[in-house]
Colleague: 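Can you keep this structure in mind? I'll have questions shortly.
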Amino acid sequence: MLNTAVRDAVMRVLPRVKTPAQYTGGELNSVPKDHRHVRGKLCLCFPDAYALGMSHHGLQVLYTIMNNDPQWACERAFTPWLDFERELRKNRLPLYGLETYTPLRDFDLIGFSLQYEVGYTNVLTMIDLGGIPHFAKDRTVRDPLVVAGGPGAQNPELLAPFVDLFVIGDGEESLPWVMEKWMALKEVAVREGDYSAKRRLEMLAELVGSTRWAYAPVFYEFDYHTDGTIASVNRTRADVPQQIESCTIDQDLDAIPLPTKPVVSFVQTPHDRIAIEIMRGCPWQCRFCQSTVIKRPLRFRSVETIVQAALESYRNTGMNEISLLSLSSSDYPQFEELVKRMHEVFMPLGVNVSLPSLRVNHQLRSVPQLMKGWRRAGMTLAPEVARDDMRTQIRKPIKNDDLIEGCREAFKLGMSHVKLYFLCGLPGERTADLDGIVELAEAISEVGKQATGRHKEVTASVSNFVPKPHTPYQWNGMQSRDYFRWAGDYLHRQKRNKFVKIKQHDIETSLLEGILTRGDRRVSPGLYEAWKRGARFDGWKECFNAARWWKAFEDTGIDVDFYRSRQRPVGEKLPWDHVNVKKGRAYLEKEQERSVIQLRVMAEAVSGEGDGEGKGCGG
């Protein structure tokens with residue numbers, strides 16, 4: 001059942017915007033349903049551009065699961081680009097689900113996937129354009145339930161005023177449960193004719209009181225010490241959970257169906273290929289990595305399940321590339337068997353297979369040979385740091401020899417370039433660690449010359465480290481603007497090989513991420529003010545305006561350094577402590593203590609090498 005009035009009005013403005021096909025719906029494998037014949041309606045909202053959202057595997061997974069249930073109609077919405085937002089506002093048109101042009105305000109539930117913190121203003125844009133009250137406290141039973149999940153939900157407090165319910169953990173089981181529970185409660189309220197805000201709160205309390213992994217911020221209040229740190233988090237009613245756990249799929253991943261009929265975009269996307277999740281979780285426990293914490297435990301799909309799902313997806317889409325997804329693909333237990341089987345099935349079809357997350361280990365040396373014959377111009381690897389003692393510190397036990405020899409084999413088989421991901425600003429970082437980044441990148445370029453007779457292009461992509469919630473580094477402060485500028489300049493000055501490129505992530509964006517990642521509810525007014533002043537698509541270079549953000553924080557009285565840069569005592573209560581993810585705080589405290597001991601040993605070792613005068617991050 002199309003909302004023809006909205007559709008016709010949208011069609012009239014589309015000639016005035018870029019890439020209009022992203023706003024029309026009707027793509028191959030999309031699932032429009034007649035809302036008159038379903039029990040409930042939900043819209044999956046991705047708070048970024050269509051091209052990025054359509055590249056997100058999790059969106060396709062949840063879309064498939066919910067539409068496979070005949071009682072639900074599940075649609076999609078993305079943040080409109082600036083030109084289309086202007087047209088929507090100018091013509092007083094609502095943001096809508098792509099399948100039927102239904103305004104967001106008319107759904108029973110809208111669900112946001114929070115993949116990165118600098119997209120938070122896009123959440124506000126979608127709520128506003130969708131015709132939904134901005135603040136959770138102003139909504140009634142007539143308004144959709146606003147749900148959020150994903151990595152950003154691990155610290156839910158920044159968006160607490162705007163989101164009704166945060167779901168912590170895996171979405172495949174939690175979203176259907178939430179939809180079922182909310183619709184049952186809503187149906188009773190509608191029968192009784194009670195649409196009040198008070199009734200909505202009672203419904204929300206009953207929902208979160210029925211499970212351990214759903215968090216409704218409205219039922220929790222914070223008390224603070226005079227120095228601004230958190231004294232306590234208190235429930236406002238006894239029938240909601242005191243600690244929020246994580247929803248975890250304990251069964252074999254084979255039991256969770258893959259999206260073998262993914263929606264095929266009309267426009268080109270960054271990841272224009274079939275995505276197959278082969279493994280969830282990571283066997284390693286790197287201290288800097290939030291994903292390895294929140295994706296536990298380690299779970300696998302069988303080789304045959306993966307191959308058959310890939311083959312069915314190929315038949316349903318016609319795409320000529322398949323990406324095998326996980327946090328660390330080469331740690332998949334039957335890795336060689338899987339690669340050989342994919343080669344056997346898809347090479348005759350002319351379908352390429354990519355492995356985007358390869359771990360640097362002894363097996364890396366054999367990967368290029370295993371992938372021989374597939375189209376692959378380059379290889380992307382994430383050593384993160386370049387010195388062995390720093391690898392011990394961050395708990396990433398890899399060896400430069402494996403990295404270099406793996407690249408050598410890749411160059412011999414025709415790969416032309418390598419991209420390496422590094423972190424800058426880790427606890428205890430020294431000048432020697434920055435030297436190591438340049439030396440390692442140049443060594444790999446030189447290996448290319450040894451293998452093929454000419455230097456190969458190597459890009460060292462350097463991210464500015466942001467200590468994340470639920471990691472052992474959550475107590476560490478983020479480095480300063482001055483440090484990151486100095487480090488970036490230093491890396492460029494040290495480089496000698498013209499075939500090596502150093503690319504540092506935008507410093508101001510990283511600094512914004514730092515406060516949005518580590519803040520509490522008191523930062524929310526700054527977020528809201530920045531959005532009202534025009535902050536949109538802050539992860540996009542052409543849209544990000546750092547000065548707007550810093551002025552918004554200043555005008556709302558927010559001490560940015562208090563949240564972002566301050567070293568926090570291990571005993572301090574953190575804004576996300578009531579969200580108990582996987583191993584819990586006790587484990588993180590032990591890891592933090594071990595890292596401090598290792599930092600002292602590292603500092604002494606470098607002093608002994610005569611590098612003690614180098615600039616460093618400290619603890």
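Note that the structure is a prediction, hence the values are computed from the model and not measured.
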Colleague: State whether the side chain of Asp239 and the backbone N or O of Glu206 hold a donor-acceptor pair below 3.5 Å, judged by distance alone.
Modeller: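 It does not hold such a pair.
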
Colleague: Under the ring pair (Phe, Tyr, Trp, His ring centres under 6.0 Å) test, which residues partner Phe553, sequence neighbours left out?
Modeller: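 In terms of ring pair (Phe, Tyr, Trp, His ring centres under 6.0 Å), with neighbours along the sequence ignored, Phe553 is linked to Trp549.
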
Colleague: Rounded to the nearest 0.5 Å, what separation is found between the CE atom of Met478 and the NZ atom of Lys468?
Modeller: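 These two atoms lie 9.5 Å from each other.
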
Colleague: Pro469 and Asn155: which non-hydrogen atoms are nearest, and at how many Å?
Modeller: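 Of all heavy-atom pairs spanning Pro469 and Asn155, the closest is CG-CB, 3.9 Å.
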
Colleague: Could you check whether any side-chain N or O of Arg518 sits under 3.5 Å from a backbone N or O of Pro467, counting only pairs where one atom can act as donor and the other as acceptor?
Modeller: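 Yes: the side chain of Arg518 pairs with the backbone of Pro467.
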
Colleague: My understanding is that only one of Arg296, Arg280, Lys295 makes a salt bridge (charged side-chain N to carboxylate O under 4.0 Å, His left out) with Asp170; could you say which?
Modeller: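 One option only clears the test, and that one is Arg280.
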
Colleague: When Tyr220 is tested against each of Ile244, Asn234, Thr236 for side-chain contact (heavy atoms from CB on, under 4.5 Å), which residue passes?
Modeller: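 Among Ile244, Asn234, Thr236, the one that satisfies the side-chain contact (heavy atoms from CB on, under 4.5 Å) with Tyr220 is Ile244.
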
Colleague: Taking the side chain from Tyr421 and the backbone from Thr380, do they hold a donor-acceptor pair closer than 3.5 Å?
Modeller: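 It does not hold such a pair.
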
Colleague: Tell me, do Leu109 and Trp72 make a side-chain contact under 4.5 Å, heavy atoms counted?
Modeller: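 Contact flag for Leu109/Trp72 side chains = no.
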
Colleague: Would you compute the distance between atom CZ of Arg200 and atom CG of Asp143 and round it to the nearest 0.5 angstrom?
Modeller: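 If we round to the nearest 0.5 Å, Arg200:CZ and Asp143:CG are 5.5 Å apart.
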
Colleague: How close do Glu157 and Pro575 get, counting heavy atoms only, and between which atoms?
Modeller: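 Taking Glu157 first and Pro575 second, the nearest heavy atoms are CG-O, 3.5 Å.
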
Colleague: Measure up the Trp81 and Trp540 rings against each other and bin them: parallel (under 30°), tilted (30 to 60°), perpendicular (over 60°).
Modeller: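 Perpendicular.
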
Colleague: State, to 0.1 Å, how close Asn29 and Val263 come at their nearest heavy-atom pair, and which atoms those are.
Modeller: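 Minimum heavy-atom contact is O-CG2, 3.8 Å.
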
Colleague: Think Arg76 forms a cation-pi with Tyr63, using NZ or CZ under 6.0 Å from the six-ring centre and within 45 degrees of its axis?
Modeller: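 Yes; both conditions hold, so Arg76 lies above the ring face of Tyr63.
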
Colleague: Where does the angle between the aromatic ring planes of Phe78 and Phe46 fall among parallel (under 30°), tilted (30 to 60°) and perpendicular (over 60°)?
Modeller: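 If you compare the ring of Phe78 with that of Phe46, the planes turn out tilted.
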
Colleague: Look only at the side chain of Ser510 and the backbone of Asp506, and say whether a donor-acceptor pair between them is shorter than 3.5 Å.
Modeller: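 A pair under 3.5 Å: yes.
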
Colleague: Just by distance, do the side chain of Ser55 and the backbone of His271 share a donor-acceptor pair under 3.5 Å?
Modeller: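 Such a contact is found between Ser55 side chain and His271 backbone.
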
Colleague: Are the side chains of Ile168 and Arg212 in touch, meaning some heavy atoms are under 4.5 Å apart?
Modeller: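 Not in contact.
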
Colleague: To the nearest 0.5 Å, what is the distance between CG (Leu95) and OH (Tyr101)?
Modeller: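 Separation between the atoms: 12.0 Å.
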
Colleague: Let me confirm one number: the CZ-CG distance from Arg521 to Leu158, rounded to the nearest 0.5 Å.
Modeller: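 So the CZ of Arg521 and the CG of Leu158 are separated by 11.0 Å.
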
Colleague: Quick check, are the ring centers of Phe465 and Tyr473 under 6.0 angstrom apart?
Modeller: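 Yes.
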
Colleague: Is it possible for you to check whether Arg522 lies under 6.0 Å from the centre of the six-membered ring of Tyr224, through NZ or CZ, and within 45° of that ring's axis?
Modeller: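 Relative to the ring axis of Tyr224, which defines the angle, Arg522 lies inside both limits.
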
Colleague: State, to 0.1 Å, how close Ala310 and Ile274 come at their nearest heavy-atom pair, and which atoms those are.
Modeller: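 For Ala310 and Ile274, the tightest heavy-atom pair comes out as O-CD1, 4.4 Å.
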
Colleague: Main chain of His225, side chain of Thr229: is a donor-acceptor contact present, judged purely on distance under 3.5 Å?
Modeller: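 Flag not set: sc Thr229 to bb His225 has no pair under 3.5 Å.
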
Colleague: Please identify each residue that fulfils side chain to side chain donor-acceptor pair (under 3.5 Å) with Arg536, with sequence neighbours left out.
Modeller: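 Arg536: side chain to side chain donor-acceptor pair (under 3.5 Å) contacts with Glu85, Thr125.
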
Colleague: Show, in sequence, the C-alpha distance, side-chain angles and deciding distance for Lys41 and Glu99, and conclude whether the salt bridge (Lys or Arg N to Asp or Glu O under 4.0 Å) test is met.
Modeller: CA-CA 11 Å; Lys41 313 176 295 292; Glu99 279 66 17; over 6 Å; no

Colleague: Would the Phe537 and Phe544 ring centres measure less than 6.0 Å apart?
Modeller: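 Distance test on ring centres: not under 6.0 Å, no.
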
Colleague: Can you tell me how far apart NE2 (His470) and CG (Asn580) are? Round to the nearest 0.5 Å.
Modeller: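 Reported to 0.5 Å precision, the distance equals 8.5 Å.
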
Colleague: State, to 0.1 Å, how close Met183 and Arg39 come at their nearest heavy-atom pair, and which atoms those are.
Modeller: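 That would be CE-O, 3.3 Å.
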
Colleague: At their closest point, which heavy atom of Thr292 faces which heavy atom of Cys286, and how far apart are they?
Modeller: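 Here Thr292 and Cys286 meet closest at CG2-O, 3.8 Å.
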
